[in-house]
Amino acid sequence: MLDNLGDFKRDYFAGELTENNIGDEVRLLGWADSVRDHGGVIFINLRDREGVVQVVVDPSKSPEESYEKAKKVRSEYVIGVQGRVQRRPVGTENPKIPTGNIEVVADKLLILNTCDVLPLPIEDSINASEEVRLKYRYLDIRRKPMFKNLLVRHEVYQATREYLAGHGFLEVETPMLTKSTPEGARDFLVPSRLEKGKFYALPQSPQLFKQILMVGGIERYFQIVKCFRDEDLRADRQPEFTQIDFEISFANEEDVISISEGLVHFIFKKVLGIDLKLPFKRITYKEAIEKYGTDKPDLRYEMELVDISDLASDVEFKVFNDTIKKGGIVKGLNIKKGAKFSRKEIDELTDYAKKFGAKGMAWIKISEGKMSSPITKFFTQEQQQKLKEKMKAEEGDLLVFIADSYETTHRVLGFLRKHIADKLKIIPEDRWDFLWIVDFPLVEWDEEEERFVALHHPFTSPKEEDISKLDSALEDKALASSIKSRAYDLVLNGEEIGGGSIRIHRPDIQKKVFELLGISDEEAEEKFGFLINALRYGAPPHGGLAFGLDRLIAIMVGADSIREVIAFPKTQKGNCPLSNAPDYVTEEQLKELGITVELEEEPS
RNA sequence: GGAGCCGUAGUUCAGCUCGGUCCAGAACGCCGGCCUGUCACGCCGGAGGUCGCGGGUUCGAAUCCCGUCGGCUCCGCCA
């Protein structure tokens with residue numbers, strides 16, 4: 001028989017009790033974390049949000065009714081205890097828990113609810129499969145590490161609001177039911193009942209609305225906001241995710257960067273007690289690609305790409321000099337202490353490189369004072385020496401080379417660099433390597449679509465000195481590619497955690513950029529007409545940034561996946577094992593929306 | 001769209017190479033009994049399985065083959 005809560009109130013959280021409470025009569029509410037029945041005395045660890053305390057039910061001290069009830073308590077029963085706090089008898093202290101010097105002698109015991117056999121253990125270390133954890137997320141969240149992640153998340157929200165509100169930013173909500181936009185990710189669509197055949201889209205970001213808020217004279221806007229993108233999932237990608245989004249009027253890059261740095265600094269200080277060094281390092285997009293092979297380099301380890309194209313054009317090795325002749329490049333990585341790799345391991349690296357488009361991978365081991373490799377014979381002594389100098393090669397190193405186009409070479413080496421660093425476990429933990437990537441190209445040529453696409457988004461402003469290039473950019477691919485944008489990304493430990501730009505605030509420039517992107521006047525008018533219109537009515541210069549909140553928090557708590565910092569995340573197929581969404585709806589619901597569904601198979 | 005790993009009691013796994021001795025086994029959990037200072041309590045006993053699903057091969061399939069569903073990682077995709 002279960003007890004009613006009635007007017008039973010909690011005086012303390014279990015974890016709040018200290019030796020100062022000794023002698024106090026207290027009431028506690030929570031879950032039975034563990035029960036130890038000795039046939040006589042019964043120990044129950046009562047757990048709540050803030051911690052655990054031992055409750056003692058002693059037949060010689062507690063009322064018989066309470067003792068009989070205590071015998072029935074099992075793991076995760078919901079209980080209430082009224083009792084006196086006492087110092088534990090000498091020798092029975094438990095140093096493993098913060099309240100280990102005290103215990104509560106139960107006077108009154110309430111059993112408020114029972115609990116079925118648990119599908120996953122409520123323990124700190126994770127053993128259960130992720131599928132089970134998501135299905136029973138309420139049990140998973142009872143685990144301390146999950147609770148801590150959600151707590152950190154809460155503290156980041158609060159710090160964000162404190163900092164941005166303190167710097168004159170107004171929190172304004174933007175619509176969740178909005179308009180589908182071309183460019184960018186696939187939209188989630190929501191059918192309109194009132195206008196059958198029409199659809200809302202869930203926002204990929206509040207981009208257009210926050211710009212319009214600037215036109216509206218808000219001056220400084222922010223929002224902690226859900227964004228939706230219907231693309232395939234990854235460990236760091238969910239179909240719905242959260243951004244810290246902000247925008248500033250009359251701002252240039254430095255204003256946005258400095259607010260961003262201030263915010264991140266504030267969050268780290270407030271939540272983790274860490275003093276980040278400001279300003280963050282900055283490198284250009286070009287430098288990032290050429291040194292690290294990626295636009296989100298992890299600077300926690302060195303291993304930079306080395307260009308040996310000039311040397312490669314002279315060596316007899318056909319793969320190298322042919323690549324150069326065709327306008328490609330040859331670059332290498334020095335894998336420190338990599339000479340210990342077996343032939344098999346090197347072959348695995350080659351296969352890995354091929355996955356990313358490499359045709360092959362050349363390698364040279366430096367061991368016993370000389371170079372050993374199938375390609376050494378193509379190098380003269382002098383060339384070997386030169387190569388060693390360029391690569392800063394020392395005894396015990398392994399040099400690997402990719403010869404291909406500019407793009408492929410960098411891309412492959414970028415992935416290799418990361419892969420090898422993981423493999424060799426040379427990435428230091430507990431480092432916070434923030435890095436701004438600046439000077440992005442405005443557009444890049446998309447071979448598949450046979451048009452230019454925006455690297456950032458279509459509302460990103462070109463650099464002021466490049467605006468004149470817009471007029472002839474369509475006819476001149478090289479010229480178009482040389483236009484730099486006013487975009488910037490913030491990278492932390494090799495992950496992109498934020499990105500933004502100074503936007504276009506003039507309708508004439510916006511029109512030219514649309515033209516460059518192959519977006520016709522009609523299409524621009526139809527899809528973004530409301531923004532273009534707004535720009536015509538005194539739009540101030542403005543810019544901003546959005547942080548990927550989930551990624552930021554995942555890195556802060558050391559989680560491998562953003563699912564660990566989201567209360568109710570989705571699986572890789574976009575399912576929610578807890579609620580079983582998405583699911584079929586009734587014929588009536590579909591009819592009301594004027595929707596007919598074509599299924600390959602009938603729903604079961 | 002593609003590649004890889006995984007799917008066996010409530011949970012985590014072993015068994016699968018080389019089919020039979022497996023009407024499947026361990027640990028934790030659960031249930032019952034004993035136990036008055038434990039805290040991963042202990043001791044004794046017990047229950048618990050559509051081996052993801054479907055098909056095939058075979059005298060015989062958890063094990064081999066094909067398909068399919070689901071979970072995870074990655075590529076493509078993600079302005």
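So you know, we letter chains A, B, ... as the sequences are listed, proteins then strands, and number each from 1. Keep in mind it's a predicted model, so treat the numbers as computed, not measured.
The pair A/Lys359-A/Asp404 meets the salt-bridge criterion, since a charged nitrogen lies less than 4.0 angstrom from a carboxylate oxygen. Salt bridge annotation for A/Arg563-A/Glu130: present, with a cationic side-chain nitrogen under 4.0 angstrom from a carboxylate oxygen.
Within the nucleic acid shown, A/Phe356 comes within 4.0 Å of sugar-phosphate atoms alone, with no base atom in reach, counting heavy atoms only. Counting non-hydrogen atoms under 4.0 angstrom, A/Phe415 reaches the backbone sugars and phosphates but no base. Backbone-only contact: A/Asn127 has heavy atoms under 4.0 Å from sugar-phosphate atoms and none from a base. Residue contacts shown for A/Ser75 are limited to sugar-phosphate atoms, with no base heavy atom under 4.0 Å away. Among the heavy atoms of the strands lying under 4.0 Å from A/Arg411 are primed sugar atoms or P, OP1, OP2 only; no base atom is included.
B/G46: Watson-Crick or G-U partner is B/C30, with both key distances under 3.5 Å. Look at B/C51: it lacks any Watson-Crick or wobble partner with both distances under 3.5 angstrom. Base pairing of B/G20: its partner is B/C59, meeting the Watson-Crick or G-U wobble criterion (both donor-acceptor distances under 3.5 Å). B/C72 is paired with B/G4 under the Watson-Crick or G-U wobble criterion, all donor-acceptor distances under 3.5 Å.
Regarding contacts with the backbone of B/U12, a side-chain N or O of A/Ser129 is found under 4.0 angstrom from either OP1 or OP2. When the side-chain nitrogen and oxygen atoms of A/Arg133 are compared with OP1 and OP2 of B/C72, none of them lie within a distance under 4.0 Å.
For the pair A/Tyr285/A/Pro441, a side-chain contact is recorded, criterion being any heavy-atom separation below 4.5 Å from C-beta on. A heavy-atom distance below 4.5 Å is found between the side chains of A/Asp37 and A/Lys71.
Judged as a ring pair (Phe, Tyr, Trp, His ring centres under 6.0 Å), and not counting sequence neighbours, the contacts of A/Tyr352 are A/Phe356, A/His419. Every residue two or more places apart in sequence or in another chain that forms a ring pair (Phe, Tyr, Trp, His ring centres under 6.0 Å) with A/Phe459 is listed here: A/His457, A/Phe528. By the ring pair (Phe, Tyr, Trp, His ring centres under 6.0 Å) test, A/His542 is found to be paired with no residue, residues two or more places apart in sequence or in another chain being considered. Checked against ring pair (Phe, Tyr, Trp, His ring centres under 6.0 Å), A/Tyr200 has no partners two or more places apart in sequence or in another chain.
For A/Arg237 and B/C78, a side-chain-to-base donor-acceptor distance below 3.5 Å is present, hydrogens and geometry of angles not being considered. No hydrogens or angles were tested; on distance alone, a donor-acceptor pair under 3.5 Å links the side chain of A/Arg234 to the base of B/G76.
Mapping A/Ser561 and A/Arg74 onto RNA chain B via the closest heavy atom, the residue that lands nearer the 5' end is A/Arg74.
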Letter per nucleotide, 5' to 3', of nucleotides 35-50 of chain B [B base touched, S only sugar-phosphate touched, - untouched; heavy atoms, 4.0 Å]: BBBBBSB---------
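Between A/Leu233 atom CG and B/G76 atom P the separation is 15 Å, expressed in whole Å.
Of the residues in residues 566-576 of chain A, those lying under 4.0 Å from RNA chain B by heavy-atom distance are A/Thr571, A/Gln572, A/Lys573, A/Asn575.
The closest side-chain donor-acceptor pair between A/Tyr292 and A/Asp298, if any, does not fall under 3.5 angstrom.
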